[in-house]
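Take a look at the structure below.
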Amino acid sequence: MTDIKTGINQRGLLVDKHSVSFRMYGRGFRQYDLEVIHELSIELHPGEIVAIAGASGSGKSVLAHSILGILPDNAFTTGAVYYDGRPLDQKTKEIFRGRRITLIPQSVNYLDPLMTVGAQLISPAPGDGGRALRREKAAALLERYGLAAEVMDYYPHQLSGGMARRVLVASAAACPAELIIADEPTPGMDKKAVEETIRLFKQLAGEGRGIMLITHDIEMAVLTASRVAVFRDGTVIETVPAAAFSGDGSALGHPFTRALYRALPQNGFSGDFKEAV
Ligand SMILES: Nc1ncnc2c1ncn2[C@@H]1O[C@H](COP(=O)(O)OP(=O)(O)OP(=O)(O)O)[C@@H](O)[C@H]1O
Ligand SMILES: [Mg+2]
C-alpha cells in the first residue's frame, strides 16, 4: 500500500508537491525568488520507465538535479522527495548519489577531463563486486555500443559528441544504482545508438531498475516508457500511459499533450506544439 503523504512503504521514487526556487538579485541588488518547479508530484516504481517530456526551460533538468542533490547554493526547495519511503534530505541525497540513484547528465561536460573513460566507467560505485568485474562489465557495455576496448584508455577530449553520450549512458548502466535519471541521453547519437539505448533501458528495467527518461523526443518516450509525464512551466500537467499516444490521440486528456502528439512528424507536424508552448 502506498501512502502518498508520507512515502511510507512506497518502493522507488516519490516526489510529493515539490517546488524549487532560485534566489536571484535584480537591479540595485534587489533580492527576489524565482520559482521554477511548482508543487510537482511524480512517482516511479522499481522496474518502471517513466518519460518526462516537455518544452525547453520547463524545469526537467532542475527536477533531476534536485532529486540528485546537485542544485546550486542559491536554490531552495519545499515539499518532499522520498526513496523507498525514506525522505531524502541533502545529506541522504549525497549518500545515495552514484550508489542508489545515478544521473546521465544532459551535458557531456560532466565527464572528468582528467580521467580516462575506463576510470570513469568503473569509479561511480565503490564496493559493488570489485573493480575487475566492473571493468569487464563496462567494456562489454562499450562494445555493445560499437566502441572498441581501446576507448577505455581515451580521455574525454578524444571522444566525439556522440561517443561521449554513449560513454555517459554506459557509465550509468555500469553503476549498480537502482534508479537512473537519464537527462536527454540521446542527442548527437545516430539512429543505431538511439535504438541500442532504448534496448539497454528496457533491459535495465527488466532487471528491476527504475528509469526516469527526460527527453524532447516524444517518439523515443513512447517507444521506451510505460508512462509519460508531460511537463509544462515547472509542473506535471498530466501523466498518461504511453499507449495513449496512438491513433488520433483522443485518449490524451490535456490539449497541450494532444498538441505535443500532433507535432510528431508522422502526424503531419501541425506546429501546434509550438503554439501550445
Ligand atoms: N541556477 C539557476 N538559477 C536561476 N534559474 C535557473 C537556474 N537553473 C535553471 N534555471 C531556470 O529554471 C528553468 C528550468 O530550467 P531547466 O534547465 O530545468 O529546463 P529544461 O526543461 O531542462 O530545458 P531543456 O529542455 O532546454 O534542457 C529555466 O527557466 C532556467 O532558466
Ligand atoms: Mg534540461
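Keep in mind the model is a prediction, meaning the values are calculated, not measured. FYI, side chains are in, hydrogens and waters are out, and symmetry mates aren't considered; it's all heavy atoms of this structure. When a ligand or atom number is given, it counts from 1 through the structure's own listing order.
The cationic group of Arg100 lies under 6.0 Å from the six-membered ring centre of Phe96 and within 45° of the ring axis, placing it in a cation-pi geometry.
The nearest non-hydrogen atom to atom 22 (O) of ligand 1, considering only Gly57, Ala64, Ser61, Pro187, comes from Ser61.
Using a 4.5 Å cut-off on side-chain heavy atoms (C-beta onward), Ile211 and Glu48 make no contact. Contact of the His45 side chain with the Gln10 side chain is registered, since non-hydrogen atoms from C-beta on lie closer than 4.5 Å. Taking the side chain as every heavy atom from C-beta outward, Tyr83 and Arg11 never approach each other to under 4.5 Å. When side chains are defined from C-beta on, Ile101 counts as touching Leu68, because their heavy atoms get closer than 4.5 Å. Within the 4.5 Å cutoff, the side chain of Glu184 has heavy atoms near those of the Thr215 side chain. Residues Asp84 and Glu178 have side chains in contact (heavy-atom distance under 4.5 Å, counting atoms from C-beta outward). Two residues are said to be in side-chain contact when any heavy atoms from C-beta on lie closer than 4.5 Å; Tyr261 and Val222 fail this criterion. Between Val117 and Leu142, some side-chain heavy-atom pair lies under the 4.5 Å cut-off.
For atom 10 (N) of ligand 1, the closest heavy atom belonging to the protein is Phe22 CE1, 3.7 Å. Protein heavy atom at the shortest distance from atom 18 (O) of ligand 1 is Val62 N, 2.9 Å. The protein heavy atom nearest to atom 27 (O) of ligand 1 is Gln106 NE2, 2.8 Å. For atom 11 (C) of ligand 1, the closest non-hydrogen atom on the protein side is Val36 CG1, 3.9 Å. Looking from atom 26 (O) of ligand 1 to the surrounding protein, the closest heavy atom is Ser56 OG, 2.5 Å. Scanning the protein heavy atoms around atom 25 (O) of ligand 1, the nearest turns out to be Lys60 NZ, 2.8 Å.
For Glu94, the CD atom sits in a packed shell: over 12 heavy atoms of surrounding residues, nucleotides or ligands are nearer than 6.0 Å.
Contacts between Pro72 and ligand 1, counted as non-hydrogen atom pairs separated by less than 4.0 Å, involve the side chain only.
Within a 4.0 Å radius of atom 30 (C) of ligand 1, the protein contributes no heavy atom.
Protein N/O/S atoms nearer than 2.8 Å to the Mg ion (ligand 2) total 2.
At a 3.5 angstrom cut-off on N or O pairs, Met24 does not count as close to ligand 1.
Within the structure, ligand 1 lacks His65 among the residues with a heavy atom less than 4.0 angstrom away. Under a 4.0 angstrom heavy-atom cut-off, Gly54 registers as lying outside contact with ligand 1.
Proximity to His216 (heavy-atom distance under 4.0 Å) selects the following atoms of ligand 1: 25 (O). Using a 4.0 Å cut-off to heavy atoms of Ala55, the atoms of ligand 1 that qualify are 21 (O).
A side chain to side chain contact (heavy atoms under 4.5 Å, CB included) with Asp89 holds for exactly one of Lys93, Arg86, Lys91; it is Lys91.
In this structure, Ser41 contributes its side chain and Lys17 its backbone to a donor-acceptor pair below 3.5 Å.
With sequence neighbours excluded, no residue forms a ring-ring contact (aromatic ring centres under 6.0 Å, His included) with Phe201.
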